Every structure is written in C-alpha cells, then in structure tokens.
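Below you'll find the structure, written out as structure tokens, and then a few comments.
Both counts, for ligands and for their atoms, begin at 1 and track the order of listing. What you see is a predicted model, and the numbers here were worked out from it, not measured in a lab.
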Amino acid sequence: MTQTATLLDGKAVAAKVRGEVKERAAAFAARHGRAPGLAVVQVGTDPASSVYVRSKRKACEETGIRSFAHDLPAGVGRGELLALVVRLNADPAVDGILMQLPLPAGLDANEIMDTIDPRKDVDGFHPQNTGLLAQKRPRLRPCTPFGVIRLAQEYGMKLRGLRATVVGASNIVGRPMALELLLAGCTVTVCHTGTRDLAAEVERAELVVAAVGRPGMVRGGWIREGASVFDVGINRTESGKLVGDVEFETAAQRAGAITPVPGGLGPMTIAMLLSNTLDAADAIAQGRGR
Ligand code: NAD
C-alpha cells in the first residue's frame, strides 16, 4: 500500500506564522520605539535543550523580536534563579520569559514557573494561564498544543464534533492539548500510563495526538481510516535519526492527514512561541491582562 495521507507541513505553516509575527513586531517597534523582547533562560548545558534554545533565539532575530540570553550554570542556586525571574518580570524591555525545561535536579520547576509574571508567561505554563484555558477564556496558550490547533485550522479541518484521543497527559503537552481540543468542540479522551487498552482508544479516534516520547508507541495499524494524526514526539534513534511516537509509514497508509517528524509540530511550536510573545507585548503595552 502507498501513502495516501495528506502531509501536514508544519514547516510551511510555521513560516507563514513567522511572517505574521515579523509584521506585528515591526508595527510594535514603530509604535513603541523598541522591539518586543523575549528573555530565554537556560540553566545548565543539556544538549537537547541547547538545540531548542539556539533555534528559539535565532527565530527571534529573524522576526524582529529582541532576544535576551540568560545562560546559567547547572549549579545555580534557587535564590539566584528566582531573583533573575523577578528582575525579568520588572524589566520593561522584556515582554516574554521562557524558562527552558527541564531544570536540573534540585531546582523546583513549579516554584520557578509560578514566579513568572503570568502576563509574560509565553509558554502558557503558569497555573493562571492553564486555568484560563480550562475555563474557555484562553490568554497565553501552551505552544505545542496551540500549534496543533493552528496547523489543523490552516488545513481547513473542522474539529467540532470529532472524537479525539490524546496519548500523553503531561502538563506541557497532553493536558493542555486535551483542553485545546475540548475548546475546539471535540469529544476528548486522554491516555496515560494508567490507560488499560491504548489500541482501542486510538482506534476509535478521528483525531489522534501522540505525545509520549517513545518511538513507535502508536502503531500504524491502530489508526482509523481517514483520521488526522498529529505526532508531537521527538525521539532520536540509535542511528541519529529523528522520529516521532507514531509508526509513520503504516499510519500514513490509513490516515487522512499526518504530521511528519521532523517538520511537523517542532517548527509550529517555535512559531507559536513567537506569536505568544507578540500577544504578550501588545497586551502589556495596552495595560491588559491583569
Ligand atoms: P512526558 O514524559 O512529560 O509525558 C509523557 C506522557 O506519556 C505521560 O503523561 C505518560 O503518562 C504518558 N505515557 C507514557 N507511557 C504511556 C503509555 N504506555 N500509554 C499511554 N501513555 C503513556 O513528555 P512530554 O514533555 O509531554 O513530551 C512528550 C514527547 O513530546 C517527547 O518526545 C518530547 O520530546 C516531545 N515534545 C515535542 C515538542 C515539539 O515541539 N514538537 C514539544 C514538547 C515535547
């Protein structure tokens, strides 16, 4: 069988979103006499984090967002890191604060993230922003789930009424993804390590989001004919290749539409981060969001 699914080109849609951000950043700079600013904080030198941080900073430069780099040693103290967040919260040149996760052991990520001013929380991880999304009044929305929704919209997908299954229930992807799909009118199932029959949950779904972090976790044969498949997973194989969580070749023979890895939600996530930064900058400048 050959692949029949439409490839959902996250790279192309991300380029479109970045183009919009670039225009908005120029308009912001013209109006306020300064570029919108994003502080990107990295603690330690985790190689995967360093790759993400570099691409985020580069994407800022390309779109006219000023990026403030804060690289701290893995052994930085809790007090010092909290003090940096407090400084960035008060800095009028900084509209968004991104704390690259995971933080080294010994630092309480919840405590650090909770200290970020919710108006500058461009990752959308602050409990206030998560709570607003849960209450159907989203403000700053977690970038990867928001990227799934934007990608679906760009391909004209009608989400309302769809049976959707999210595999993974993390605070970063799975949970906010479920809230986004609920907001979009889907009937949502969320799977996690306690799920008894993962195959059955995926087989029923007209839309599947995979966010576990294990290659081949979602079998191609489980995918319902014509379903839309969003593969958030990023895994590096022994040969150094990047793959998602879904068995791509077999899934693509059954799905109606599917995201590739790489080139799917990775670029979308960065694009939505930039878009959130402009949303934050505009809201702060207009005195909204408190
Ligand atoms: P995580 O480890 O925090 O969460 C994994 C989730 O999978 C958990 O909720 C767990 O309950 C669930 N899970 C584990 N085994 C399962 C099983 N057998 N059946 C059902 N559920 C199971 O991971 P995360 O931070 O949510 O990231 C998930 C993946 O997405 C990773 O590969 C990560 O690299 C990737 N990711 C990609 C982007 C992007 O930009 N594309 C952004 C964030 C994360």
Side-chain angles (χ1 to χ4, degrees), residues 8-15 17-18 40 42 46-59 98-103 105 109-110 113 122-125 130 141-152 164-181 188-205 208-219 222-223 229-237 240-248 258-276:
L8 300 170
D9 188 346
K11 218 171 148 185
V13 174
V17 174
R18 284 205 310 272
V40 180
Q42 185 183 2
D46 173 68
S49 291
S50 299
V51 172
Y52 296 138
V53 162
R54 259 202 309 279
S55 32
K56 286 168 187 174
R57 287 175 180 157
K58 184 162 163 268
L98 185 142
M99 184 67 58
Q100 184 64 40
L101 299 176
L103 290 174
N110 284 337
M113 303 302 280
V122 286
D123 262 333
F125 295 156
T130 309
R141 303 156 73 159
C143 303
T144 304
F146 198 13
V148 168
I149 298 296
R150 178 69 195 261
L151 191 55
T165 292
V166 180
V167 187
S170 71
N171 286 337
I172 294 175
V173 190
R175 270 161 213 264
M177 187 71 249
L179 293 173
E180 284 284 359
L181 291 168
V188 185
T189 300
V190 187
C191 302
H192 42 76
T193 47
T195 299
R196 280 205 303 265
D197 189 350
L198 183 60
E201 304 299 346
V202 173
E203 278 163 1
R204 283 190 300 135
V208 179
V209 180
V212 175
R214 219 187 292 165
M217 174 84 224
V218 173
R219 300 288 166 79
W222 296 350
I223 301 298
V229 179
F230 294 86
D231 191 351
V232 172
I234 301 179
N235 310 289
R236 200 170 281 283
T237 63
K241 207 177 142 212
L242 280 189
V243 296
D245 289 347
V246 179
E247 273 181 349
F248 183 85
I258 188 166
T259 57
V261 177
L265 276 326
M268 284 305 297
T269 297
I270 296 185
M272 299 322 285
L273 167 72
L274 303 174
S275 175
N276 277 352

What residues, two or more places apart in sequence or in another chain, satisfy salt bridge (charged side-chain N to carboxylate O under 4.0 Å, His left out) together with Lys11?
-> none
Enumerate the pairs of nitrogen or oxygen atoms, one from ligand 1 and one from the protein, separated by less than 3.5 angstrom; state names and distance to 0.1 Å.
from, atom 1, to, atom 2, distance (Å)
ligand 1, 9 (O), Ala169, N, 2.8
ligand 1, 9 (O), Ser170, N, 3.4
ligand 1, 11 (O), Thr193, N, 3.3
ligand 1, 26 (O), Ser170, OG, 2.5
ligand 1, 32 (O), Ile234, N, 3.0
ligand 1, 32 (O), Ile234, O, 3.4
ligand 1, 40 (O), Thr269, OG1, 3.0
ligand 1, 41 (N), Val232, O, 3.4

Sequence neighbours left out, what passes salt bridge (charged side-chain N to carboxylate O under 4.0 Å, His left out) with Arg204? Give chain and number order.
-> Glu201
Residues two or more places apart in sequence or in another chain: which of them pass side chain to side chain contact (heavy atoms under 4.5 Å, CB included) with Ser49?
-> Gln42, Asp46, Gln100, Pro102
Per side-chain contact (heavy atoms from CB on, under 4.5 Å), Phe230 is matched among Ile149, Leu265, Thr144 by Leu265
Walk me through it: do Val243 and Asn235 pass the test side-chain contact (heavy atoms from CB on, under 4.5 Å)?
-> CA-CA 5 Å; Val243 296; Asn235 310 289; 4.0 Å; yes
Closest non-hydrogen atom pair between Gly174 and Val166, with its separation | O-CG1, 3.7 Å
